[in-house]
Amino acid sequence: MELTIDNLSKTYSNGINALQDVSLTIEKGMFGLLGPNGAGKSTLMRTLATLQEADHGAVTLGNIDVLNEKNEVRKILGYLPQQFGVYPKISAEVLLNHLAVLKGITNKGERKEIVHVLLHKTNLYHARKQNLKGYSGGMKQRFGIAQALLNNPKLLIVDEPTAGLDPSERNRFYNLLSEIGENTIVILSTHIVEDVKELCEHMAIINQGQVVLKGKPLELIDQIEGKIYQKTIHKNELDVYKREYRVIHEKLFLGKPVIQVMSDIELDNGFTSVKAGLEDVYFTQINNLN
Ligand code: ADP
């Protein structure tokens, strides 16, 4: 099964073009949709999840017309929204069981089995009797995945799922998603480059409602390999360097600014050549430096 998005566009009533002719083909596995805040990621995710209308364009999932056959999509869709609210005063097991009823799993025995399988899969079985109020951020997100998997979806959409997770929670969450990606289309929308670097075989970068780059992370990195240079500078030199070079991004290292520059010609003058990374690919696109 394949998800095909064709020239999808959306303008909100305030005039913001949140999506402009977005076209993507997404196959089974982990697909990373990377972009800064306001890029249009959630608009795209909500449209794919049948929660919002597009102005024009087409989306097909296998042979389902996503924009017009919403009920068909919902049968095979799992969605973890950016803001996932849980009822704080009931246990994970009770809530998951309740959500399973809402999703139409009416047979009690079958439901119990599915709920237990999912609690194991998301590593929450030991905490199944705990109220969700006491769950950590990572546990809540894993619970969000458990509920999204209740109908054994063919398409799983997760919107900014790792924001606010600590490194070990994030790792655990990555492992869970990559396991699911083995036989499901998983779209991970995120502004965190690391999420995509760690997890996704395919990706697209979206900025101001447009897809500005798509491909495989490793191939996209390869295309700029050998062109990335680094230099530690003084704070007051930054503007000068920005005028003279294509400064991809700057960061502090031991309190000193370090700039990362892209150049087609070899640079000396205190610059060192460094290995290209996905951050370089990302910031080159976002800052229009290509
Ligand atoms: P992202 O998920 O990448 O942060 P969004 O899809 O949330 O991006 O937003 C894309 C753009 O559309 C932003 O400029 C945002 O302010 C605007 N936007 C999002 N939702 C609405 C809405 N309901 N009404 C008007 N503007 C919106």
Side-chain angles (χ1 to χ4, degrees), residues 3-26 30-59 61 66-67 70 73-74 77-85 137 140-141 144-145 147-148 153 155-165 170 173-174 177 181 185-200 202-215 217 220 248-249 278-290:
L3 178 73
T4 312
I5 304 167
D6 249 332
N7 292 306
L8 201 65
S9 296
K10 170 76 181 176
T11 302
Y12 286 110
S13 53
N14 57 4
I16 289 179
N17 291 323
L19 298 176
Q20 300 180 52
D21 288 325
V22 168
S23 293
L24 291 168
T25 302
I26 303 178
M30 295 285 313
F31 184 93
L33 182 73
L34 187 60
N37 286 331
K41 303 182 298 295
S42 293
T43 302
L44 179 58
M45 298 301 101
R46 287 194 303 262
T47 309
L48 298 178
T50 73
L51 299 172
Q52 188 172 318
E53 302 290 334
D55 295 336
H56 60 85
V59 182
L61 175 60
V66 172
L67 303 183
K70 294 194 172 66
V73 180
R74 286 173 194 155
L77 168 80
Y79 177 50
L80 177 59
Q82 203 170 344
Q83 308 286 344
F84 176 65
K140 277 189 192 133
Q141 287 303 68
I145 291 291
Q147 65 79 30
L155 169 64
L156 177 67
I157 295 174
V158 284
D159 197 356
E160 300 274 357
T162 65
L165 300 192
R170 182 170 295 194
F173 195 73
Y174 284 167
L177 282 186
I185 304 172
V186 181
I187 307 181
L188 166 71
S189 147
T190 182
H191 65 277
I192 300 169
V193 178
E194 184 136 335
D195 288 352
V196 175
K197 187 164 79 185
E198 301 266 325
L199 276 177
C200 301
H202 296 269
M203 66 176 287
I205 298 176
I206 180 170
N207 195 22
Q208 296 178 346
Q210 291 177 312
V211 173
V212 291
L213 192 71
K214 47 190 164 186
L220 297 174
I248 304 172
H249 58 105
L278 197 57
E279 278 204 338
D280 300 314
V281 172
Y282 177 65
F283 286 111
T284 307
Q285 292 300 323
I286 296 307
N287 300 327
N288 270 320
L289 290 169
N290 49 329

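Whatever order the structure lists them in is the order used to number ligands and atoms, beginning at 1.
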Contact residues of ligand 1 (heavy atom under 4.0 Å), by chain and number: Y12, N14, I16, A18, P36, N37, G38, A39, G40, K41, S42, T43, R46

Heavy-atom donor-acceptor pair, S9 side chain to D21 backbone, under 3.5 Å: yes

Residues E160 and K41 bridged, charged N to O under 4.0 Å: yes

Polar side-chain atom of D6 near backbone of A58 as donor-acceptor pair, under 3.5 Å: no

Verdict with reasoning, S189 to D159, per side-chain hydrogen bond (donor to acceptor under 3.5 Å, both in side chains): CA-CA 5 Å; S189 147; D159 197 356; 2.9 Å; yes

Atom CD of Q208: over 12 foreign heavy atoms under 6.0 Å: no

side-chain contact (heavy atoms from CB on, under 4.5 Å) partner of F31, chosen from L188, V196, L24: L24

